[in-house]
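A single structure is presented below for examination.
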Amino acid sequence: MKRSLAWLWVLVLGAALAQAPKVDGKIAGGEYAKSYKHEKSGITLYWSVVGDTLYLALEGQSKGWIGIGFLAEKSDKKKGGDQYLFYMEGGKLVALDMYQTKRTGAPVTDDKEGGKNSILAAMATYEGEKWTVEFSRKLKTGETTDVEIAPGRKLIVMLAHAEKMDPKEEHKKTERWYLEDFAF
């Protein structure tokens, strides 16, 4: 009986892992469960929730970095935002997990606010100013610097990009968008 339950558990776990998107910087047809194209920014989001993990991909045009963030609620502009910024340095992806301490201005890395980088895996391709970024993170990291994500629960998604690859380069207000009442 115990052996049968163990095998059943292995099969269930194996099936769940088999459904997880491959974080390789390329989006294959049918790889993600859902998608959404934001017309104003031109950024398309793809996502799948597998177990306790969110797999997320972004596709969009930008001369510089590209980013996404989450707010549980919009109370004081970007303050409290859980943000992820991606840029290329020497042909390699740099993926930052950041936190917005002030209502405006640049966010800081999570480790400067007592958190840690909660990105489990990240890969990207950047060709001809076209980004394809894939990354994963736990839905609930347990950190105060990260927004808890629950499938079906509404939150605010922030999208942004900049004119340069420099992560300190602030984006113009016209390069930032809020998707209110978004649910994964």
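Positions are given from 1 along the sequence. Basis for what follows: all heavy atoms, side chains included, without hydrogens, waters or symmetry-related copies.
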Note to self: Tell me the closest heavy-atom pair linking S41 and L159, and the distance in Å.
What the structure shows: OG-CD1, 3.9 Å

Next item on the list: Apply side-chain contact (heavy atoms from CB on, under 4.5 Å) to M158 and I68, showing your working.
Entry: CA-CA 5 Å; M158 301 177 287; I68 187 168; over 6 Å; no

Item checked: Ring-ring centroid check W65 Y126, cutoff 6.0 Å -> no

Item checked: Identified side-chain contact (heavy atoms from CB on, under 4.5 Å) partner of R137 from the options D82, L56, T53, I119 -> D82

Next item on the list: Looking only at non-hydrogen atoms, find the nearest pair between G51 and V49 and report the distance.
Entry: O-CG1, 3.8 Å

Next item on the list: Give the ring-plane orientation class for H38 versus Y36, where under 30° counts as parallel, over 60° as perpendicular and anything between as tilted.
Entry: tilted

Margin query: For K138 versus L120, what's the shortest heavy-atom pair and its separation?
Written below: N-CD1, 3.9 Å

Note to self: What's the separation between atom CZ in F135 and atom CE in M123, rounded to the nearest 0.5 Å?
What the structure shows: 14.5 Å

Notebook entry, point to check: For T145, what residues pass the side-chain contact (heavy atoms from CB on, under 4.5 Å) criterion, not counting sequence neighbours?
Noted result: Y99, D110, E113, E143

Note to self: I need the K37 NZ to Y46 OH distance, nearest 0.5 Å.
What the structure shows: 8.5 Å

Check: Is the closest basic N to carboxylate O distance between R153 and E148 below 4.0 Å?
Finding: yes

Next item on the list: Would you confirm whether S35, through its side chain, and L45, through its main-chain N or O, come within 3.5 Å as a donor-acceptor pair?
Entry: no

Note to self: Determine whether the aromatic ring centres of residues F70 and F184 are separated by less than 6.0 angstrom.
What the structure shows: yes

Item checked: Donor-acceptor contact below 3.5 Å, side chain S62 vs main chain A162 -> yes

Margin query: Under the criterion side-chain contact (heavy atoms from CB on, under 4.5 Å), I'd like the reasoning laid out for E175 against E163: C-alpha separation, chi angles, the key distance, then a yes or no.
Written below: CA-CA 9 Å; E175 297 171 331; E163 293 293 314; 2.7 Å; yes

Check: Taking all non-hydrogen atoms of both residues, which atom of Q83 and which atom of Q100 are closest, and how far apart?
Finding: NE2-OE1, 2.9 Å

Check: With no hydrogens and no angle check, is any side-chain donor or acceptor of W177 less than 3.5 Å from a backbone partner on I43?
Finding: no

Note to self: For G25 versus T125, what's the shortest heavy-atom pair and its separation?
What the structure shows: O-OG1, 3.1 Å

Check: To the nearest 0.5 Å, how far apart are OG1 in T141 and CG in D146?
Finding: 3.5 Å

Item checked: Any V157 side-chain heavy atom under 4.5 Å of Y178 side chain -> no

Next item on the list: Supply the atom-to-atom distance E73 CD to E180 CD, rounded to the nearest 0.5 angstrom.
Entry: 11.5 Å

Checklist line | Worked verdict on V133 versus I66 for side-chain contact (heavy atoms from CB on, under 4.5 Å) | finding: CA-CA 9 Å; V133 177; I66 192 167; 4.0 Å; yes

Next item on the list: For residues P21 and V50, report the shortest heavy-atom separation together with the two atoms involved.
Entry: CD-CG2, 4.4 Å

Sequence neighbours left out, cut at 3.5 Å: what donor-acceptor pairs do the side chains of residues 87-98 make with other protein atoms?
from : atom 1 : to   : atom 2 : distance (Å)
D97  : OD2    : S118 : N      : 2.9
D97  : OD2    : S118 : OG     : 2.7

Notebook entry, point to check: Among side-chain atoms of Y32 and E134, is any donor-acceptor pair under 3.5 angstrom?
Noted result: yes

Margin query: Using 0.5 Å steps for rounding, measure from the CZ atom of F182 to the CG atom of L155.
Written below: 8.0 Å

Next item on the list: Using the side-chain contact (heavy atoms from CB on, under 4.5 Å) rule, take I27 and T132 through it: C-alpha gap first, then chi angles, then the decisive distance, then the call.
Entry: CA-CA 8 Å; I27 300 170; T132 301; 3.8 Å; yes

